[in-house]
J.: 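Pasting a structure here, questions to come.
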Amino acid sequence: MITVERVTRTFETPTGDFTAVRDVSFRVAAGRFVSLVGPSGCGKTTLLGMIAGLVPVSEGRIVLGDRVVAAGVPPDIGYLFQRDALLPWKTALQNVALPLTIRGRPGAETRSRASEWLRRVGLAGFEGYYPYQLSGGMRKRVSLATTLIYGPSVLLMDEPFSALDVQTRNLMENELLELWADTRNTVLFITHDLEEAIALSDEVVVLTSAPGRVKASYPIPLPRPRNVVEIRFHAEFTRLYEQIWKDLRDEVQQSYARATRL
């Protein structure tokens, strides 16, 4: 579903060209959940932006299904940002309904489906609440419902739970897995948290320090369905963590050493 072929992205800066990612190649099969991990500044968000059509590719190409990604956002992409992107002057129901409203769907259908998605993310009864009246976890649930309501085939997630406390984060991770089990979107998930990546994913791709390149890719053969807390006690989880961390640790150390020299 997602094919990234020898992709490079270079930005012009006042001090010269800066290459965020270089010669990156990987594939995500339809219905798979794949996570990208790497040190800060290695170009993970840039890669997501290129796949979403928000950032132009300098070299290489990206293909979604059988269509090459060019300028503009493909219609079957869902993008969940680090911070919720809810409209503060609209209620939870109105925010969730917005993608269907923009697509010109009838009002009754839009409200009915928005109510159903709020129920699916555990927010039945909060339809009339505004974002400022909701907790961080509740706002993230509204954002997730807003992204999933129009049925995107590809879901891009950029550290969506990083701002949440540990308990809320674990709840949201489990809810995401439950929803994904029903929808089977193709998911590309960015995280700094290796435990999160292993607990959620079918495969973990490790990127090098900047400019980001693919260093290694690891299949995650842990059984599903999973509870993200309980799966951490699985012996195979520990083995995978130790194996992947050896690759990731070197890149984190290089990134930190480079940052301290600046």
Side-chain angles (χ1 to χ4, degrees), residues 1-28 32-64 69 77-83 154-164 169 173 186-220 240-262:
M1 179 59 71
I2 304 174
T3 302
V4 178
E5 295 180 345
R6 309 200 62 158
V7 165
T8 296
R9 174 57 183 166
T10 300
F11 296 92
E12 294 182 3
T13 74
T15 57
D17 289 348
F18 169 75
T19 300
V21 295
R22 177 177 292 155
D23 199 25
V24 171
S25 297
F26 64 88
R27 293 184 178 183
V28 182
R32 299 272 286 176
F33 196 123
V34 175
S35 288
L36 292 178
V37 297
S40 295
C42 72
K44 299 185 294 296
T45 297
T46 299
L47 269 172
L48 225 59
M50 289 190 288
I51 293 168
L54 300 171
V55 177
V57 175
S58 299
E59 298 177 25
R61 71 171 191 160
I62 296 171
V63 182
L64 294 181
V69 176
I77 284 280
Y79 201 127
L80 199 62
F81 298 90
Q82 292 183 34
R83 298 179 61 184
V154 174
L155 184 58
L156 307 177
M157 308 186 77
D158 188 0
E159 296 189 76
F161 309 137
S162 60
L164 302 176
R169 182 174 183 166
E173 289 165 348
T186 302
V187 179
L188 187 58
F189 189 96
I190 285 180
T191 179
H192 281 95
D193 186 336
L194 181 54
E195 287 193 3
E196 180 178 55
I198 297 171
L200 293 174
S201 305
D202 297 313
E203 182 180 353
V204 173
V205 177
V206 178
L207 298 181
T208 68
S209 57
R213 295 183 288 271
V214 173
K215 183 174 186 178
S217 178
Y218 294 91
I220 308 297
L240 286 165
Y241 185 93
E242 291 176 350
Q243 183 182 17
I244 301 172
W245 173 242
K246 290 177 182 177
D247 273 335
L248 184 57
R249 176 187 58 205
D250 294 340
E251 301 307 322
V252 171
Q253 290 174 342
Q254 288 184 36
S255 180
Y256 178 76
R258 183 183 296 119
T260 56
R261 289 196 299 266
L262 295 177

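Just so it is clear, the model here is predicted, and its values are computed rather than measured. Hydrogens, waters and symmetry mates are skipped; everything else that's a heavy atom, side chains included, is used. In this chain, residues are counted from 1 in sequence order.
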J.: Check this for me: Arg249, atom CZ, are more than 12 non-hydrogen atoms of other residues, nucleotides or ligands nearer than 6.0 Å?
T.: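 Atom CZ in Arg249 is crowded, with more than 12 foreign heavy atoms closer than 6.0 Å.
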J.: Check Pro219 against Leu240 and note the closest heavy-atom contact, atom names and distance.
T.: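 Result for this residue pair: O-CD2, 4.0 Å.
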J.: Measure the OG-CZ distance between Ser58 and Arg9 for me, rounded to the nearest 0.5 Å.
T.: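 Spacing of OG (Ser58) from CZ (Arg9) equals 4.5 Å.
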J.: For Thr45 and Asp158, test the side chains for any donor-to-acceptor distance below 3.5 angstrom and give the result as yes or no.
T.: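 Note: Thr45 and Asp158 side chains meet the donor-acceptor criterion.
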J.: Taking salt bridge (charged side-chain N to carboxylate O under 4.0 Å, His left out) as the criterion, tell me which of Lys44, Lys215, Lys246, Arg213 meets it with Glu251.
T.: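 Per the salt bridge (charged side-chain N to carboxylate O under 4.0 Å, His left out) rule, the option paired with Glu251 is Lys215, out of Lys44, Lys215, Lys246, Arg213.
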J.: To the closest 0.5 Å, what do you measure between CZ (Phe26) and CG (Leu36)?
T.: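 That separation rounds to 5.0 Å.
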J.: Looking only at non-hydrogen atoms, find the nearest pair between Tyr79 and Gly49 and report the distance.
T.: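 That would be OH-N, 4.1 Å.
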J.: Once side-chain contact (heavy atoms from CB on, under 4.5 Å) is applied, do any residues pair with Thr186, and if so which ones, sequence neighbours excluded?
T.: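 If we apply the side-chain contact (heavy atoms from CB on, under 4.5 Å) test to Thr186, skipping adjacent residues, the hits are Met1, Ile2, Val28, Ala30, Val154.
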J.: Checking Thr191 side chain against Leu194 main chain: does a donor-acceptor pair fall under 3.5 Å?
T.: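 Here the side-chain-to-backbone pair does not exist.
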J.: Tell me whether the count of non-hydrogen atoms from other residues, nucleotides or ligands lying under 6.0 Å of CZ in Arg22 goes above 12.
T.: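 No, because the 6.0 Å sphere around CZ of Arg22 holds 12 heavy atoms or fewer from other groups.
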J.: With sequence neighbours left out, write down each residue that passes side-chain contact (heavy atoms from CB on, under 4.5 Å) with Ser201, or none if nothing qualifies.
T.: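 Scan of Ser201 (side-chain contact (heavy atoms from CB on, under 4.5 Å), adjacent residues dropped) gives Phe33, Ser35, Val204.
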J.: Using every non-hydrogen atom in the two residues, find where Asp193 and Glu195 come nearest and quote the distance to one decimal.
T.: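 Minimum heavy-atom contact is OD1-N, 2.9 Å.
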J.: Looking only at side chains, do His192 and Ser162 share a donor and an acceptor under 3.5 Å apart?
T.: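 The answer is no; no qualifying pair exists.
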J.: After noting the C-alpha distance and the side-chain angles of Ile198 and Tyr218, does the key distance pass the side-chain contact (heavy atoms from CB on, under 4.5 Å) rule?
T.: CA-CA 9 Å; Ile198 297 171; Tyr218 294 91; over 6 Å; no
J.: Has Thr10 got a side-chain atom pairing as donor or acceptor with Asp17's backbone, closer than 3.5 angstrom?
T.: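 No; zero donor-acceptor contacts below 3.5 Å.
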